[in-house]
Amino acid sequence: MNEKDSTSSLAAANNDTSSSGNDVKETGSEDSTHERALRRALLKIDVFVLPVITIGCIFSQMDRSSMGNAKVVGLEADLKLHKTDFSIATSLFYPTYLVFQPISNWCLKRIGAKIWLPFLILLWGGVIIGQAFVKNRGQLFLCRVLLGIPESGYNSGSIFLISYWYPKQRVTRRVSMFYAGVAIGTLISGPIAVGLTKLSNGFIHSWHAIFFVEGLLTVIWSLVILAVVPSYPDDARMLNSSERQALSSALRAEKQNSGRHQINTRRFVHCLFNPSMFLVSLILFCSNISLNTIMLFGPQVTKDMGFTASQAQAMQSLPGLCGFIGIVLVNWSVRWFGSHYRAIIFNGAVVAIGGIVMLSTVNVGARMFALCLFGFGSFGLLGLSPGWLATNVATNITLGSAATSVLLICGGLGGIATSYIYRNGDAPRYLLGHGINLMAGLLAIILALLARWNMGRINRNKERHPMDISNLSPDEISELEERHPDFRYVY
């Protein structure tokens, strides 16, 4: 090779090296731009969408707590309810709540969250307003049955919405933030009820005011959700084109496709009996026993300690505050404990300790502390159970829809159980109710261990005996969902 050829070769090599370096820089720049756009998109959803649906959850919780607050200021006496009529009234909410749960999720997918969620809120707000004007137990029973229909779909629909708006690893924190609305609703419902029961203007007074004002505020909020919440990330007007593209790419990388995949009806029925998801869902059953103890019977349990009705309503803020702390800590507890199931074991133990304290003493301070333990533990479970489930179904549209329905059905069954464990004749110790709370805490621990064992068993089997999908079509591979050889349960 002569000197000229050597010089030309060296120049070409330098040009190739320079071109390669430029390619790396351009790729890095594109990745950095993509990440910034994704962060902006998630921040906007956190600011504009998540708080709006969370406030809807607050109104839902306030409306549910209104029964317990109305009881201590004369609801039973005014409507001439017999011994078990209040328990029947609270439980009648759940049959329609459970039956319409899968139906509502189906409608959410067909109609879209933008229309369906505000429609549900508008309906249940109207029923709550109607509840302010009931004159007898038959009318109260009817309102409770009707209320279960629209309320059945809001929480499950919101969880489903979150699961396909956020990448998989960001779901648990957002679900716990959403369910913080339940704790906030419990925290503020008592003090608000104290003020509303003092209203007396000839139109509404006492417990009537609780239902009327809270129902009216709920109806107003439905219009806000209609204006703000889009159905899919692709439809979000608050995102610009680069943000929308970055979010869609992140979701496609996890095969979420912004939730637009259609539900496979046959697979939906099969997924209703997924063992791992069923075990996780039953943890919400345990959570709702203690949660409904605070929400429906907390004011009465507190009043039976020797407080006035107004004091009992106001003191509901203490378990609510502890619940808020418990559910906020969910954001970090999974990292602290290193897994979902260990965090659930901790919160189940807190509930169980509360039950032990309630059963073992009549000291007012200790019993209020126990109610706070119920609040902390049950709200922690409330954030962890749906978060654990949503993390595992975020990439699976059919499994996600089925599992969310089962989750809320199990939660509803917990509400039904609680309706009958705090009987007027058991006052003031309520040994049956507190004993069942103790068992609920222990059961949550057992369920967490079983779910962890089953998920680990399935993951190990996939590693030892991977499925051959080379002969499957893209549609068939898509329908595998959690059965896909690359899918692993997170625990």
Original post:
Heavy atoms, side chains only, cut-off 4.5 Å: are Ile159 and Tyr179 in contact?
Top reply: yes

**OP:** Can you measure from CZ (Phe93) to CE (Met67) and round to the nearest 0.5 angstrom?
**Re:** 11.0 Å

**OP:** Decide yes or no for Leu373 and Val351: does some side-chain heavy atom of the first lie under 4.5 Å from some side-chain heavy atom of the second?
**Re:** no

Subject >> Which residues share a side-chain hydrogen bond (donor to acceptor under 3.5 Å, both in side chains) with Asn459, sequence neighbours left out >> reply: none

Subject >> Ser231 side chain to Trp116 side chain, donor-acceptor N/O pair below 3.5 angstrom >> reply: no

Subject >> Partner set under ring-ring contact (aromatic ring centres under 6.0 Å, His included) for Phe376, not counting sequence neighbours >> reply: none

Original post:
Do the side chains of Leu449 and Tyr341 get nearer than 4.5 Å, heavy atoms only?
Top reply: yes

**OP:** With sequence neighbours excluded, tell me which residues meet ring-ring contact (aromatic ring centres under 6.0 Å, His included) with Phe285.
**Re:** none

Name every donor-acceptor pair, under 3.5 Å, that has one atom in a side chain of residues 50-61 and the other anywhere in the protein, sequence neighbours excluded.
{"residue": "Thr54", "atom": "OG1", "partner": "Leu50", "partner atom": "O", "Å": "2.7"}
{"residue": "Ser60", "atom": "OG", "partner": "Glu151", "partner atom": "OE1", "Å": "2.8"}
{"residue": "Gln61", "atom": "NE2", "partner": "Thr186", "partner atom": "OG1", "Å": "3.1"}

Subject >> Phe48: ring-ring contact (aromatic ring centres under 6.0 Å, His included) partners, not counting sequence neighbours >> reply: none

**OP:** For residues 170-191, pull every pair meeting salt bridge (charged side-chain N to carboxylate O under 4.0 Å, His left out), keeping only residues two or more places apart or in separate chains.
**Re:** Asp46-Arg174

Subject >> Residues forming a ring-ring contact (aromatic ring centres under 6.0 Å, His included) with Phe100, sequence neighbours excluded >> reply: none

Original post:
Would you say Val406 and Met277 make side-chain contact, with heavy atoms under 4.5 Å?
Top reply: no

**OP:** Taking the side chain as every heavy atom from C-beta outward, state whether Leu98 and Ile416 have any atom pair closer than 4.5 Å.
**Re:** yes

Original post:
For Ser276, what residues pass the side chain to side chain contact (heavy atoms under 4.5 Å, CB included) criterion, not counting sequence neighbours?
Top reply: Asn274, Asn454, Met455, Ile458, Tyr489

Subject >> Greater than 12 external heavy atoms within 6.0 Å of Phe369's CZ >> reply: no

Subject >> Qualifying residues under salt bridge (charged side-chain N to carboxylate O under 4.0 Å, His left out), relative to Glu214, sequence neighbours excluded >> reply: none

**OP:** May I have all residue pairs that pass side-chain hydrogen bond (donor to acceptor under 3.5 Å, both in side chains) and include part of residues 316-329, sequence neighbours excluded?
**Re:** none

Sequence neighbours left out, cut at 3.5 Å: what donor-acceptor pairs do the side chains of residues 119-130 make with other protein atoms?
{"residue": "Trp124", "atom": "NE1", "partner": "Asp63", "partner atom": "OD2", "Å": "2.6"}

Subject >> Residue pairs, two or more places apart or on separate chains, that pass salt bridge (charged side-chain N to carboxylate O under 4.0 Å, His left out) and touch residues 326-339 >> reply: none

